[in-house]
Number of protein chains: 2
Amino acid sequence: MNGKQRMVEQSKQWLCDALINLMAQENFQDISITEIAQTAELSRKTFYHSFKNKEAVINYLCDQLFDQYFEQLLQQKPQVGEMMLKTTFDIFLNFWWQKRDLIQLLIRQGLFDHMNEIWQQKAIPRYQQFAAPWHVHGTPTQVNYVMAFQLGGFTNILRVWLGQDHPESPEQIKDLMLLAAQQLADSLNTN
Amino acid sequence: MNGKQRMVEQSKQWLCDALINLMAQENFQDISITEIAQTAELSRKTFYHSFKNKEAVINYLCDQLFDQYFEQLLQQKPQVGEMMLKTTFDIFLNFWWQKRDLIQLLIRQGLFDHMNEIWQQKAIPRYQQFAAPWHVHGTPTQVNYVMAFQLGGFTNILRVWLGQDHPESPEQIKDLMLLAAQQLADSLNTN
DNA sequence: AAACAAAGGAAACATTTGTTACCTTTGTTT
DNA sequence: AAACAAAGGTAACAAATGTTTCCTTTGTTT
């Protein structure tokens, strides 16, 4: 990355930070582009040079988040069986626990759905690089739907978990999830 | 409902229909309020009387959809075990199959996430009226997270299913889901 | 039937948005 | 070092948004 690109990235980051700061005090809908630019100490022109609109800033922010998440996931030592399930839960829960302030802000502003859209688009192709936390076999279509189910399930747990004012610790959620998974399996098998 | 309220509801419906028709041809972002009002043969004032903005129209639309869905779900004969799982899948898949034109429109316009947000908010409290398709027991917190997982999973399957130009028939998806559920259970038990 | 309340229409309004033109600054290239 | 390309700043612009005022129409109340 050369100096010119660094300048552009820096501006984008400043605008992002400005929007996040404003969102802590004001409703997303009511924040104007002028306000963001002023807070970032940049001109409105620079905003429109960096982003198409307010939503694009959120997109950029979410892109960064997911790249960070998948980086952590890729560093995971290859594992199998139950250990893999636990490791995947650990990474998932701890990552979002670290980012909880930002996520809670997004949830409160009704932007979690927006993040989810980006997650789904980026995650499905990327997940082909990994084995699923539980073993999946079958036709590509079958695998795809099982993936979609898991992905949607995890994301929604994240929504409920961090949507609370005082969310439980990652450890508590982990135990909860393992128990729930086991129960789900039991109930499906005994039916 | 008296005549006055009927008039208001009728206007809302006309504006809704107008927006849907316009969305089939034009990008949601690029549709102006003026355009919607003109298509509905109502004044811009009437639009702002009925809705806060364009997004509110989508909210209204989604609210209607979910009320219809839960009505169907409530008519379901009380059942237990595997039959209940199949019945729930049937209602879910057939309902959305009927509405597939609208859902596909929403997905293409990047509004599925918006619908999802409304679904989640309305569904979690409402689901307390039902037993889950598979048996869930435990603390209220545990039940809540298992519910969230299932709900998120189903919704995401809907996204993947109807996001395609030529989605599979509901019967095919049903078989796929039952198989996937069984597999999930097996893999969790053998780990 | 008369009075009233609420909805819709017309039109004007300030604000915000997104775009453009022109100029200055700054990093890259040769 | 000079020429160049790209980014940022200022300012103006048309278009759209959301709000308001005033007036007409329509259904409800008494």
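Because the structure is predicted, anything quoted here is derived from the model rather than measured. Naming convention: chains lettered A, B, ... in sequence-line order (proteins, then strands); numbering from 1 in each chain.
For A:Arg126 and A:Phe70, the positive end sits near the middle of the six-membered ring, less than 6.0 Å away and at most 45° from its axis.
We find that CD of A:Gln38 is positioned 10 Å from P of C:dT16, with the value rounded to whole Å. In this structure, CG of B:Asn53 is placed 20 Å from P of C:dT15, rounded to the nearest angstrom. Taking atom OH of residue B:Tyr48 and atom P of nucleotide D:dG18, one finds them 4 Å apart after rounding to whole Å. Protein atom CZ of B:Phe47 is 17 Å distant from nucleotide atom P of D:dT20, rounded to whole Å. Between the C1' atom of C:dG27 and the CZ atom of A:Arg6 lies a distance of 11 Å, rounded to the nearest Å. The separation between B:Glu55 atom CD and D:dT17 atom P is 11 Å, rounded to whole Å.
Heavy-atom distances under 4.0 Å link DNA chain C to no residue of residues 18-34 of chain B.
For the residue pair A:Gln13/A:Gln64, the side-chain donor-acceptor check at 3.5 Å is satisfied. For the residue pair A:Asn116 and A:Gln120, a side-chain donor N or O sits within less than 3.5 Å of a side-chain acceptor on the partner. A donor and an acceptor atom, one from each side chain of B:Glu168 and B:Gln164, are located under 3.5 Å apart.
Of the possible polar contacts, one joining the B:Lys54 side chain to the B:Ile31 backbone as a donor-acceptor pair under 3.5 Å is found. The backbone N or O of A:Gln29 sits nowhere less than 3.5 Å from a side-chain atom of A:Gln109 that would complete a donor-acceptor pair. A donor-acceptor pair is defined here as one N or O able to donate and one able to accept, closer than 3.5 Å; no such pair exists between the side chain of B:Thr46 and the backbone of B:Leu42.
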Could I get a table of every N or O pair under 3.5 Å where one atom is in the protein and the other is in nucleotides 6-10 of chain C?
from  : atom 1 : to      : atom 2 : distance (Å)
C:dA6 : N3     : B:Lys4  : NZ     : 3.3
C:dA7 : OP2    : B:His49 : NE2    : 3.4
C:dG8 : OP1    : B:Ser11 : OG     : 2.5
C:dG9 : OP2    : B:Ser43 : N      : 2.9
C:dG9 : OP2    : B:Ser43 : OG     : 3.1
C:dG9 : OP2    : B:Thr46 : OG1    : 2.4
C:dG9 : O6     : B:Lys45 : NZ     : 3.4

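No side-chain heavy atom of A:Ile36 sits less than 4.5 Å from a side-chain heavy atom of A:Val57.
Using cut-offs of 30° and 60° for the angle between ring planes, the B:Phe154 and B:Phe92 rings count as tilted.
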Given pairs defined as Watson-Crick or G-U wobble with both distances under 3.5 Å, what dot-bracket annotation applies to DNA chain D, with ( ) intrastrand, [ ] crossing, | other strand and . unpaired? ||||||||||||||||||||||||||||||
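Across all non-hydrogen atoms, the minimal contact from A:Asp113 to B:Glu117 is CB-OE1, 3.1 Å. In terms of heavy-atom proximity, A:Thr155 sits nearest to A:Leu151 at OG1-O, 2.7 Å.
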